[in-house]
Q: 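Below are the structure tokens for one structure; questions will follow.
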2 protein chains.
Amino acid sequence: MTLLAQTHEEPLTSEYIAGSVNTHPVFIRRILGMLNKAGLVTSQAGVGGGWRLRKAPETITLLEVYRAVDENHLLSLHHRSPNPRCLIGGNIQSSLEGIFGEAELALEQVLHTRTIADVLNEVLQHAQARAN
Amino acid sequence: MTLLAQTHEEPLTSEYIAGSVNTHPVFIRRILGMLNKAGLVTSQAGVGGGWRLRKAPETITLLEVYRAVDENHLLSLHHRSPNPRCLIGGNIQSSLEGIFGEAELALEQVLHTRTIADVLNEVLQHAQARAN
DNA sequence: TCTATCTGTCACTATTATAGTTACGGAAGG
DNA sequence: CCTTCCGTAACTATAATAGTGACAGATAGA
């Protein structure tokens, strides 16, 4: 997304993006596909096609990106559900869900305060600092 | 930990705990071993042995438990590092680390406000509500 | 209309992370 | 000395994640 923000006039191909992220084009297309469904990017087939941001970088928060890409929770229980016949095991799931939800909400609130434009600015500043 | 808080007078064996968590005793021993190194629990070998909390449940925050058990970050980049020859790829890592760190800190602050005793109380309340 | 891209998606493989399982030495207590 | 239980290693099984090849369809330009 930061890459797209930098060159938002011209679309970038999944192959080019994969080169920066150091991964496979299909992996990029899969993730950009999710971001597309979330309305954050747009794609165009054919010669000179590729991916572009659908909104200004200043209006895209990291929370939007996070929610578009990550479907399952950060904090969770063991993947096997606890013994329902145990007093604790049978009731801890809902208790922890509440606390975990609260904690993740706090994390998401931070992500809500930052935009793609912020990240791009930070990256450019960092690059300039390293050049000097 | 909640299970240990409930019966903090007598030690619980890894086999008993595994029954509640619905997993294998060795898995429980591995995790309790980490909590032991963090000073949160204590173990005793032999007949009538097992695991106990080393501190009062009211003094054990979920943050302590979380830090003892989870070594790697919740939010992270792709496991393959980005292309250092790319302007964005070469500088985004440190930028995101800062933001991610801030976000995780917010999450951890929530975990810091809750103790094992809180969880036990909530679980018992929930159990009572379901009984009625 | 033909051709060279480039997306969108499927199917499959490779790799890694996570948990399950067996095994066994050693500590503790009766 | 015998039973119980921890501590840990080694190995297997399973699931999650990423890599790879393939191909239909969309698009733009010759």
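Bear in mind that the values here come from a model prediction, so they are computed numbers and not experimental data.
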Q: Categorize E15(A) for me: base, sugar-phosphate, or nothing, with a 4.0 angstrom heavy-atom threshold over every strand shown.
A: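 Counting heavy atoms under 4.0 Å across all strands, no contact is made by E15(A).
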Q: Would E122(B) and R114(B) satisfy salt bridge (Lys or Arg N to Asp or Glu O under 4.0 Å), going step by step from the backbone distance to the final call?
A: CA-CA 11 Å; E122(B) 263 193 62; R114(B) 305 296 191 95; 3.3 Å; yes
Q: Using whole Å, what does the distance between atom C1' of nucleotide dC5(D) and atom CZ of R52(B) come to?
A: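 Between C1' of dC5(D) and CZ of R52(B): 14 Å.
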Q: Determine yes or no for a side-chain-to-main-chain donor-acceptor pair under 3.5 angstrom, with T113(B) supplying the side chain and V110(B) the backbone.
A: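 Side chain of T113(B) to backbone of V110(B): a pair is present.
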Q: What's the CG-C1' distance between L12(A) and dC6(C), to the nearest Å?
A: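 Going from L12(A) (CG) to dC6(C) (C1'), I get 13 Å.
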Q: Once you round it to whole Å, what is the distance between P of dT8(D) and CD1 of I31(B)?
A: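 The distance from CD1 of I31(B) to P of dT8(D) comes to 15 Å, rounded to the nearest Å.
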Q: Mind checking G33(A) for me? I need base, sugar-phosphate or nothing, with any heavy atom below 4.0 Å counting as a touch.
A: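 Nothing, no heavy atom under 4.0 Å.
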Q: Measuring from the side chain of H24(A) (C-beta onward, heavy atoms only), which nucleotide among dG26(C), dA18(D), dG21(D) has the closest atom?
A: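 Comparing dG26(C), dA18(D), dG21(D) against the side chain of H24(A), the answer is dG21(D).
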Q: Could you tell me how far apart Y16(A) (OH) and dC6(C) (P) are, to the nearest whole angstrom?
A: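 Roughly 13 Å, once rounded to whole Å.
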Q: Starting the side chain at C-beta, find the nucleotide from dG19(D), dT9(C), dG25(D) nearest to V26(A).
A: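 Of dG19(D), dT9(C), dG25(D), dT9(C) is nearest to the side chain of V26(A).
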Q: Base, sugar-phosphate or nothing for R30(B)? Non-hydrogen atoms, less than 4.0 Å.
A: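 The answer is base, as R30(B) lies within the cut-off (heavy atoms under 4.0 Å) of a base atom.
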Q: For S43(A) and G46(A), take the nucleotide of DNA chain C holding the closest heavy atom to each; which residue's nucleotide lies nearer the 5' end?
A: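 Nearer the 5' end of the strand: G46(A).
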Q: Which one, dT7(C), dT22(C), dC6(D), comes nearest to the side chain of W51(A)?
A: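 In terms of side-chain proximity for W51(A), the closest of dT7(C), dT22(C), dC6(D) is dT7(C).
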Q: Using whole Å, what does the distance between atom C1' of nucleotide dT7(C) and atom CD1 of I17(A) come to?
A: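 Taking CD1 of I17(A) and C1' of dT7(C), I get 12 Å after rounding.
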Q: Give the rounded distance in Å between these two atoms: CD1 of I28(B) and C1' of dA19(C).
A: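 Value for this atom pair: 11 Å.
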Q: Report yes or no: do L77(A) and L107(B) belong to one cluster of Ile/Leu/Val/Met/Phe/Trp/Tyr joined by side chain heavy-atom distances under 4.5 Å?
A: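 Same cluster.
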Q: In terms of the nearest nucleotide of DNA chain C, which residue is placed more toward the 5' end: E71(B) or G48(A)?
A: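 Result: G48(A).
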Q: Whole Å only: how far is the CE atom of M34(A) from the P atom of dT7(C)?
A: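 From M34(A) CE to dT7(C) P: 16 Å.
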Q: Take V47(A) and A45(B), find for each the nucleotide of DNA chain D with the closest heavy atom, and name the residue whose nucleotide sits nearer the 5' end.
A: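 The residue closer to the strand's 5' end, by nearest nucleotide, is A45(B).
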Q: Main chain of V123(A), side chain of N91(B): is a donor-acceptor contact present, judged purely on distance under 3.5 Å?
A: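 Pair absent, no side-chain N/O of N91(B) close to backbone of V123(A).
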Q: Among dT20(D), dG8(C), dG7(D), find the nucleotide with the atom closest to the side chain of R29(A).
A: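 Shortest atom-to-atom distance from the side chain points to dG8(C).
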Q: Could you check I88(B) against Q6(A) for side chain to side chain contact (heavy atoms under 4.5 Å, CB included), going step by step and ending with a plain yes or no?
A: CA-CA 9 Å; I88(B) 306 296; Q6(A) 190 197 16; 3.5 Å; yes
Q: Looking at Q44(A), does any N or O in its side chain come under 4.0 Å of the phosphate oxygens OP1/OP2 on dT5(C)?
A: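 Looking at the OP1 and OP2 atoms of dT5(C), neither is under 4.0 Å from any side-chain N or O of Q44(A).
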Q: Whole angstrom is fine here: how far is it from CZ in F27(B) over to P in dT8(D)?
A: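 F27(B) atom CZ is separated from dT8(D) atom P by 16 Å.
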